Amino acid sequence: MKKTELHMEWERRIADYESSGHTQATWCAINKVNVNQLKYWLKKIKGPKRNRSTKSKFTPVVVTEPPANESMEIKIGQASIEVQPGFNPSFLADIVRTLKTLC
């Protein structure tokens, strides 16, 4: 088989595997394919598998200029922080990091 033919054959196999609803091991046993070959071609064709639990989540942020000499309220989840002029940015960053892990 030429390389392009092999690539096309594995694209077909991967489509069959994904539509089967079987686990990799089960599909490979049924189709007499080495599970490591399937994993290799999945990575080659589909790219590295991404873990959904580590997927980044973005929260929209609206930035507005606070009125001079007035406080600013920051909300993270259900937490609310009021920041006064002259606040310690390093301390605020520590609080925000902590809240992000908790909220």
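This is a predicted model, so every value here is computed, not measured. Throughout, numbering of the chain's residues begins at 1 and tracks the sequence.
Taken to the nearest 0.5 Å, the CZ atom of Arg13 stands 9.5 Å off from the SG atom of Cys28. To the nearest 0.5 Å, the span separating NZ on Lys39 from CG on Asn34 amounts to 9.5 Å. Separating the CE atom in Met8 from the CD1 atom in Ile45 is a distance of 11.0 Å, to the nearest 0.5 Å.
The ring pair (Phe, Tyr, Trp, His ring centres under 6.0 Å) search around Trp41 returns His7, Trp10, not counting sequence neighbours. Thr23 meets the side-chain hydrogen bond (donor to acceptor under 3.5 Å, both in side chains) test with Thr26; sequence neighbours excluded. Here Glu73 pairs with Ser80 under the side-chain hydrogen bond (donor to acceptor under 3.5 Å, both in side chains) rule; sequence neighbours left out. Remark: Val83 engages Ile74, Ile81, Phe87, Leu92 in a side chain to side chain contact (heavy atoms under 4.5 Å, CB included) (not counting sequence neighbours).
Taking the side chain as every heavy atom from C-beta outward, Tyr17 and Val33 never approach each other to under 4.5 Å. Between His22 and Ile30 there is a side-chain heavy-atom pair separated by less than 4.5 Å. When side chains are defined from C-beta on, Asn31 does not count as touching Leu38, because their heavy atoms never get closer than 4.5 Å. Side-chain contact check for Gln84 versus Glu82: some heavy-atom pair is nearer than 4.5 Å.
Sorted by first then second residue, the salt bridge (Lys or Arg N to Asp or Glu O under 4.0 Å) pairs that include residues 14-25, not counting sequence neighbours, are Glu18-Lys46. Applying the salt bridge (Lys or Arg N to Asp or Glu O under 4.0 Å) definition to pairs two or more places apart or across chains, those involving residues 86-95 are Asp94-Arg97.
With hydrophobic clusters built from ILVMFWY side chains whose heavy atoms lie under 4.5 angstrom apart, Val35 does not share a cluster with Ile14.
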